[in-house]
There are 2 protein chains.
Amino acid sequence: MHAGTTLARPSFKEQMLAAREEAIITAVNRLLAEKGFDAMTVDEVAAAVGIAKASLYKHFTSKEELAAAAMVRVLSRAQLFLDTVSSGLPPLDKLRAVVRWTLDLQLAGQMPALPSQNSSLRAVLLASRDYMDKLMAISDRLGGWIEAAQREGSINPQLPALAVLYTLYARGCHPVLGFLKAGGQHSDEQIAELVLGTCFDGLRAR
Amino acid sequence: MHAGTTLARPSFKEQMLAAREEAIITAVNRLLAEKGFDAMTVDEVAAAVGIAKASLYKHFTSKEELAAAAMVRVLSRAQLFLDTVSSGLPPLDKLRAVVRWTLDLQLAGQMPALPSQNSSLRAVLLASRDYMDKLMAISDRLGGWIEAAQREGSINPQLPALAVLYTLYARGCHPVLGFLKAGGQHSDEQIAELVLGTCFDGLRAR
DNA sequence: GTCTATAAATAGATAGAC
DNA sequence: GTCTATCTATTTATAGAC
């Protein structure tokens with residue numbers, strides 16, 4: 001939130017500040033993954049970080065800003081991951097890799113739940129330049145890969161590209177992962193591969 | 001909640017009571033679909049029904065009971081729908097019909113959102129005989145159809161039947177529907193067919 | 001910036017008259 | 001059973017000392 005990224009080398013104090021805010025966001029991120037925005041309380045966040053609630057409000061001006069920071073960080077990490085996806089890969093494999101990344105994040109309990117349609121968080125996110133810019137940038141890159149995959153015939157060309165994009169995003173909050181994990185019958189690796197398979201190949205036999 | 005289903009013919013008063021409770025559950029159902037359990041308030045429910053909050057508590061003992069009643073009603077309706085699915089249909093088509101039913105419910109804004117992992121509602125549902133019995137009964141019937149479909153080779157036999165079941169359930173809270181609907185590019189019918197297609201056939205070309 | 005203490009608003013739930 | 005009025009606990013957010 002504070003400008004820790006000036007051009008000059010960050011001072012020790014600034015580094016401490018940045019580290020603390022990282023810790024805050026990490027706690028928020030976990031709580032958002034566990035119980036979602038509405039059920040998460042600022043008291044819990046403060047307790048998890050180990051600081052007073054009032055101190056939290058020196059860093060972030062509201063509960064919504066707190067959550068938004070976590071959402072932005074996830075998007076930033078997604079962008080970093082996109083950068084690591086080999087450009088030589090066929091577009092379908094790139095998309096697979098991205099979905100796999102979101103599944104791993106979920107299995108690690110680090111995927112914040114999407115705000116519900118009517119949440120106060122939603123309005124803040126839609127108004128956040130940072131969040132929307134990152135979301136657009138990610139969507140553009142994925143959209144390019146989707147269309148390339150459709151041109152080469154590896155993704156069903158009859159599907160609207162937007163529908164494909166949303167379907168990929170939806171994997172980020174797929175409750176199936178939690179159910180299967182709670183069942184205890186499968187390893188995380190097996191679960192991820194299962195869901196990845198049903199996403200791209202469907203339930204029907206091929 | 002109250003026993004409106006005695007063996008004797010229900011009196012006028014009992015019918016009024018049942019109708020009121022139906023109206024309450026309908027309002028709760030819509031609110032659960034719109035914003036989920038955590039964000040829904042009892043005040044909103046009372047306002048939507050047009051009665052005082054205290055009156056609500058004469059019918060249902062807590063917010064959780066209120067929501068549970070709505071969840072149970074959805075399961076009851078699902079059971080009724082299962083009964084109407086022609087027994088002559090191939091198992092894959094039966095499963096398709098069920099998913100289609102849940103998609104229609106969602107598009108109508110009448111599918112209550114699943115409680116988050118850590119919600120107080122979750123505990124109440126797990127402890128509710130009514131809810132769990134219905135859920136088990138539905139799961140058993142769907143499980144039978146899934147296994148039959150796998151035996152005849154129309155559903156991928158390599159997938160664990162439970163994974164298939166959860167995947168079907170997950171369609172009941174698929175955020176893609178909301179996104180596509182908000183986009184305004186497609187009719188409800190098109191959206192339902194799109195999601196149905198990606199569920200059974202996957203994103204990849206066939 | 002961090003803390004303790006508290007304000008202000010809202011939530012779920014209940015009392016008691018009718 | 002329905003209402004108004006109220007209680008109690010919780011929650012977001014802030015004041016003010018250090």
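- Comparing D:dC3, C:dG12, C:dG1 against the side chain of B:K53 picks out C:dG12 as the nearest.
- A salt bridge between B:R100 and B:E189 is present, with a side-chain N of the basic residue lying under 4.0 Å from a carboxylate O of the acidic one.
- Where A:A54 and A:A39 each meet DNA chain D at their nearest nucleotide, the meeting point lying more 5' is that of A:A39.
- Nearest nucleotide to the A:L17 side chain, out of C:dG12, C:dT4, C:dG1: C:dG1.
- Across C:dG16, D:dT4, C:dT14, the shortest atom-to-atom separation from the side chain of B:A52 is found for D:dT4.
- Between B:Y57 and the phosphate of C:dT14, there is no side-chain N or O to OP1/OP2 separation shorter than 4.0 Å.
- In this structure, the CG atom of A:L31 is 16 Å from the C1' atom of D:dT12, given to the nearest Å.
- Under 3.5 Å, the side chains of B:R122 and B:S116 contain no donor-acceptor pair of N or O atoms.
- Atom pair B:I24:CD1 and D:dT2:C1' shows a separation of 11 Å (rounding to whole Å applied).
- Backbone-only contact: A:M40 has heavy atoms under 4.0 Å from sugar-phosphate atoms and none from a base.
- Rounded to whole angstrom, the span from the CG atom of B:D38 across to the C1' atom of C:dG12 amounts to 13 Å.
- Summarising the geometry, the separation between NZ on B:K13 and P on D:dG1 is reported as 6 Å, rounded to the nearest angstrom.
- In this structure, A:Q15 atom CD and C:dG1 atom P are separated by 14 Å, rounded to whole Å.
- If you measure from atom CG of B:L66 to atom P of C:dA13, you get 10 Å, rounded to the nearest angstrom.
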Using the rule given for salt bridge (charged side-chain N to carboxylate O under 4.0 Å, His left out), can you reason through A:D38 versus A:K63, listing the C-alpha separation, both sets of side-chain angles and the distance that settles it, and then say yes or no? CA-CA 10 Å; A:D38 292 316; A:K63 182 186 175 186; 5.6 Å; no

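- The side chain of A:K58 has C:dT2 as its nearest neighbour among C:dT4, D:dA13, C:dT2.
- Using a distance-only test at 3.5 Å, with no hydrogens or angles considered, a donor-acceptor pair links the side chain of A:Q190 to the main chain of A:S187.
- When the P atom of D:dT10 is taken as reference, atom CD of A:E44 falls 12 Å away, rounded to whole Å.
- Ring-plane geometry between A:Y166 and B:F179 is classed as tilted, the angle between the planes lying from 30 to 60 degrees on a 0 to 90 degree scale.
- When each of D:dA13, C:dT2, D:dT12 is scored by its nearest atom to the side-chain atoms of A:S55, the top-ranked nucleotide is C:dT2.
- Remark: P of D:dT4 and CG of B:D43 are 13 Å apart, rounded to the nearest angstrom.
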